[in-house]
There are 2 protein chains.
Amino acid sequence: MENNALLELDNQLCFALYACAREVTKLYRPFLDELGITYTQYVTLLALWEKDEVPVKELGRRLYLDSGTLTPLLKKLESMKLLRRDRDPQDERSVIVRLTDDGRALKERAAVIPERVFCQTSLSPEEIASLRGQLQQLTADVHTRSCEGSRD
Amino acid sequence: MENNALLELDNQLCFALYACAREVTKLYRPFLDELGITYTQYVTLLALWEKDEVPVKELGRRLYLDSGTLTPLLKKLESMKLLRRDRDPQDERSVIVRLTDDGRALKERAAVIPERVFCQTSLSPEEIASLRGQLQQLTADVHTRSCEGSRD
DNA sequence: CACAATTAAATTGCATACAATTTATGTGGT
DNA sequence: ACCACATAAATTGTATGCAATTTAATTGTG
């Protein structure tokens, strides 16, 4: 069968995604180091700055992460005094995540990060928006199909 | 400062990438399970099926991975008899990775995977190629800038 | 030739990811 | 009330990622 083009690394959308996501994430390192947080902690905070007081379950749906990843991550952020985790009195199975004052305050310092990172790429705002849209579409598409029949 | 649109999760290209890469990777699970390999092992094999007998360093450049990730991964693949790792007699610092017969044979079984995965998306081949191209461009762009002055 | 600087892997330590299982809690039907 | 089933976190185990350090080998220079 010779050289199967279908199996070439540079023909794989999955590898382009995998490599690109990691390289772009690395751009955030220097800025996040200043705040003392990791990239995953950063996106978790982004979600919370947008909507606070949410159950772990909902946060997981938003971030596409499960409790196996979120539980230790949220405990870490709690130990850093950026948020609190309390059982929901209405439903003791659920844990509600709430930002502390420190957690909310960090938003001010994070506000400049997106611009700083954009400046390190040659993409125009339009190109960024377009690419982002395509990725969101694909993510939703893939996620929906892998949850066929599920409700999450 | 109210609702800062710049910090909204859905406005972040980085999060779109991060989420999409993980969701797409999950599509490979069932197929890779049949081969008994993980996703990272799969892309490593893709690189080796394309070009065998390469130093770890070169493989790392190709995959955007460093020895901290590759060393244990390659040892695992070696323990699975899919490849061998030998010091380069010309330069004992370097380790050359070579597929075994088993490793080469696995390519046949992997050949159907890309098509199978594509079928689970609603993207046309043209859309896939376009998206892939944009991601490769961005990856190269970002990587080049973060290596400013470096030679790798 | 000596030796400082480089370089390639390996190692160490920390933080994810995620499947699978477990634990605790809630819910619906009888 | 009882209980099978469902649900949310937490836990467990494995495999990454990656920065930083260490070890071994090579190279450039005087």
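Numbered from 1 within each chain, the chains take letters A, B, ... in sequence-line order. The analysis underlying the following values was restricted to heavy atoms, covering all of them including side chains, and did not include hydrogens, waters or symmetry mates.
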Q. Which nucleotide, C:dA10, C:dA19, D:dA25, lies nearest any side-chain atom of B:D91?
A. D:dA25
Q) Between the base of C:dA10 and the side chain of B:S67, is there any donor-acceptor pair under 3.5 Å? A) yes
**Q.** Check: B:L13 and A:T121 side chains under 4.5 Å, non-hydrogen atoms
**A.** no
(Q) Both A:Q41 and B:P72 contact DNA chain C. Taking the nearest nucleotide for each, which residue is further toward the 5' end? (A) B:P72
Q | Side chain of A:K75 (C-beta onward), nearest among D:dG17, D:dT11, C:dT16 | A | D:dT11
Q. Of all the nucleotides listed (C:dG26, C:dA9, D:dA19), which has the minimum atom distance to the side chain of A:K26?
A. D:dA19
**Q.** SB check A:K75 A:E78 (cutoff 4.0 Å)
**A.** no
(Q) Can you tell me which nucleotide in D:dA19, D:dA8, D:dT26 comes closest to the side chain of B:D66? (A) D:dA19
Q: Return the value, rounded to whole Å, for the distance between atom CG of B:L77 and atom C1' of D:dT16.
A: 13 Å
Q) Side-chain N or O of B:T40 less than 4.0 angstrom from OP1 or OP2 on D:dG17? A) yes
**Q.** Integer-rounded Å distance: D:dT26 C1' and B:D88 CG
**A.** 12 Å
Q.
Among C:dA9, D:dA24, D:dA19, which nucleotide has an atom closest to any side-chain atom of B:V95?
A. C:dA9
Q: Between C:dA9, D:dC18, C:dA15, spot the one nearest the side chain of B:T69, thanks.
A: D:dC18
Q) Starting at the 5' end of DNA chain D and moving along, which residue's nearest nucleotide shows up first, A:Y18 or A:E58? A) A:E58
**Q.** Salt bridge B:K26-B:E23, side-chain N to carboxylate O under 4.0 Å
**A.** yes
(Q) Against B:V97, only a single residue in B:L74, B:D86, B:L70 fulfils side chain to side chain contact (heavy atoms under 4.5 Å, CB included); can you say which? (A) B:L74
Q. Atom CG of A:D86 to atom P of D:dA10: distance rounded to whole Å?
A. 11 Å
Q) Within less than 4.0 Å of OP1 or OP2 of C:dT11, is there a side-chain N or O belonging to B:T71? A) no
**Q.** Among C:dA15, D:dA19, C:dA17, the nucleotide that comes nearest once only the side chain of B:R22 is considered
**A.** C:dA17
Q) Expressed in angstrom and rounded to an integer, what is the separation of B:F15 atom CZ from C:dA17 atom C1'? A) 14 Å
**Q.** Residue A:E92, side-chain atoms from C-beta onward, closest of C:dG26, C:dA10, D:dA9
**A.** C:dG26
Q) DNA chain C: A:T38 or B:G68, which has the more 5' nearest nucleotide? A) B:G68
Q: Find the distance A:L65:CG to D:dA10:C1' and express it as a whole number of Å.
A: 16 Å
Q: Write down the distance between OH (B:Y28) and C1' (D:dA15), rounded to a whole number of angstrom.
A: 19 Å
**Q.** For atom CG of A:L59 and atom P of D:dA9, their distance in whole Å
**A.** 10 Å
Q: Name the residue closer to the 5' end of DNA chain D, choosing between A:R29 and B:K76 according to the nucleotide with the nearest heavy atom.
A: B:K76
Q: Provide, to the nearest angstrom, the distance between the CG atom belonging to A:L73 and the C1' atom belonging to C:dC18.
A: 14 Å
Q | B:Y42-B:F31 aromatic ring centre distance below 6.0 Å | A | no
(Q) Quick check: closest heavy atoms across A:R22 and B:Y64, and the distance to 0.1 Å? (A) NH1-O, 2.7 Å
Q. Nearest of C:dT6, C:dA19, D:dA10 to any side-chain atom of A:R85?
A. D:dA10
